[in-house]
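Report on the following structure.
Atom set for the values below is all heavy atoms of this structure, side chains included, hydrogens, waters and symmetry mates excluded. Because the structure is a prediction, the values reported are computed rather than measured. Order of the sequence lines sets the chain letters (A, B, ...), proteins ahead of strands, with each chain counted from 1.
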There are 2 protein chains.
Amino acid sequence: MISTKGRYALRVMIDLAGQDPHRPVPLKEIAERQQISKKYLEIIVKDLVRGGLIHGSSGKGGGYRLTRAPEEYGVREILELEEGSLAAVACLKDDAAPCPRQGECRTLPLWQEYDKLVKDFFDSKRLSDLLDSRT
Amino acid sequence: MISTKGRYALRVMIDLAGQDPHRPVPLKEIAERQQISKKYLEIIVKDLVRGGLIHGSSGKGGGYRLTRAPEEYGVREILELEEGSLAAVACLKDDAAPCPRQGECRTLPLWQEYDKLVKDFFDSKRLSDLLDSRT
DNA sequence: TATTTACCTACTATGTCAATAGGTAAATGA
DNA sequence: TCATTTACCTATTGACATAGTAGGTAAATA
């Protein structure tokens, strides 16, 4: 399951994409609009900053802004930044120990096919696809 | 992520499908072949029995057997029996409280599309697709 | 009737999730 | 210059899920 971190990260990104790209948006504002605890969002935006997906500026008049145009963000990279990995099963995670049953495993092809399905899906979805289309 | 329960359940079903359908297969045997703790497997086969996917018979000469032909099992129903639900996000679980943000949520369509993708995938995969094709 | 098998309830250690608490550092506007 | 606003940092917590274990009882058979 996609955790709150991943889902909230997506909402933060969508929120930022809906604001004037030249005005830094304070986290307080995002938290209020999205009805999410500001304290908790701090953890999430920290990851987004470290991943280079957004930029933060301190002090009065500071806040966050996107570093690219919304079309340039894939949903997958946003989710993976928070979830660590979208791998369906433990043995397909990047840091997984090599499985001793690999050669004989009858389920591995299933998980590999599923893994590709999921990753391709979230790669194909762009941040811009999630923006409000009304007016 | 798919947990060990779901993955082990699938391996139990595959194991049973590879055995003589008229001979009840003792759990001890499955545990040894699959290299999984018999004690832990007890929990899993209990669910499979309750779900009607396999049948158990007690006593000497007892064991487990499939209740249908391998083509008649969808991978989804096996996994859902152990995982509870394959829902991608909390708000799409069957027992989820109605989300107050539903009408305005910009991510809901994404999760719905993803949910359908996953469920359709595991519906389309049959137990028979996972059996060893060699010889 | 001893043995083998399924089936049952309870317990536990570990880790992850979803936050909260309580700060420091940086930038700005008055 | 200095109070205010903002980002940024480390640590802690309660609740829950995961991945098992422990120690039995009931049923069937050879």
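Across the protein-nucleic acid pair, I36(B) atom CD1 and dG20(D) atom P stand 9 Å apart, rounded to whole Å. At whole-Å resolution of the value, CD in Q34(B) and C1' in dA19(D) are 18 Å apart. The CD1-C1' distance, from I54(B) to dC7(C), rounds to 12 Å in whole Å. Between Y40(A) atom OH and dT16(C) atom C1' there is a gap of 10 Å when expressed in whole angstrom units. Nucleotide dT20(C) holds its C1' atom 14 Å from the NZ atom of K5(A), rounded to whole Å. Look at CG on L41(A): it is 16 Å from P on dC9(D), rounded to the nearest Å. Nucleotide dT16(C) holds its C1' atom 15 Å from the CD1 atom of I2(A), rounded to whole Å. Across the protein-nucleic acid pair, D47(B) atom CG and dT9(C) atom P stand 12 Å apart, rounded to whole Å.
Closest to the E42(B) side chain, of the nucleotides dA18(C), dC9(D), dG23(D), is dG23(D).
A heavy-atom distance below 4.5 Å is not found between the side chains of M1(B) and V89(A). Counting only heavy atoms from C-beta outward, the side chains of I78(B) and F122(B) never approach each other to under 4.5 Å. For the pair K125(B) and L110(A), the minimum side-chain heavy-atom distance is below 4.5 Å. Proximity of E29(A) to D15(A): side-chain heavy atoms (C-beta onward) are nowhere separated by under 4.5 Å.
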Margin query: Checking L92(A) against L108(A) for the side chain to side chain contact (heavy atoms under 4.5 Å, CB included) test, could you report, in this order, the C-alpha distance in whole Å, the side-chain angles of both residues, the deciding distance, and whether it holds?
Written below: CA-CA 9 Å; L92(A) 289 181; L108(A) 183 57; 4.2 Å; yes
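Of the side-chain N and O atoms in S37(A), none sit less than 4.0 angstrom from OP1 or OP2 of dA19(C). Between dA6(C) and R65(B), no contact under 4.0 Å exists linking OP1 or OP2 to a side-chain N or O. One finds no side-chain N or O of R50(A) lying less than 4.0 angstrom from the OP1 or OP2 phosphate oxygen of dA7(D).
Projected onto DNA chain C by closest heavy-atom contact, K39(A) and Y8(A) fall at different nucleotides, the more 5' of which corresponds to Y8(A). If you find the closest nucleotide of DNA chain D to I43(A) and to H55(A), the one lying nearer the 5' end belongs to H55(A).
Note that the CD1 atom of I2(B) and the CG atom of L10(B) stand 9.5 Å from one another [nearest 0.5 Å].
Looking at R11(A), its side chain does come within 3.5 Å of a backbone N or O of Q34(A) through a donor-acceptor pair. In this structure a side-chain-to-backbone donor-acceptor pair under 3.5 Å is present from T67(B) to L53(B). Listed for the E83(A) side chain is a donor-acceptor partner under 3.5 Å among the backbone atoms of S3(A).
As judged by a 4.0 angstrom heavy-atom cut-off over every strand, V45(A) is placed among residues making no nucleic acid contact.
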Name the pairs: protein N/O against N/O of nucleotides 1-5 of chain C, kept only if under 3.5 Å.
unit_1	atom_1	unit_2	atom_2	d
dT4(C)	O2	K60(B)	N	3.3
dT5(C)	O2	G59(B)	N	3.2

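For R126(A) and Y73(A), the positive end is not near the middle of the six-membered ring at less than 6.0 Å and at most 45° from its axis.
Contact check of residues 82-99 of chain B against DNA chain C (heavy atom, cut-off under 4.0 Å) returns no residues at all.
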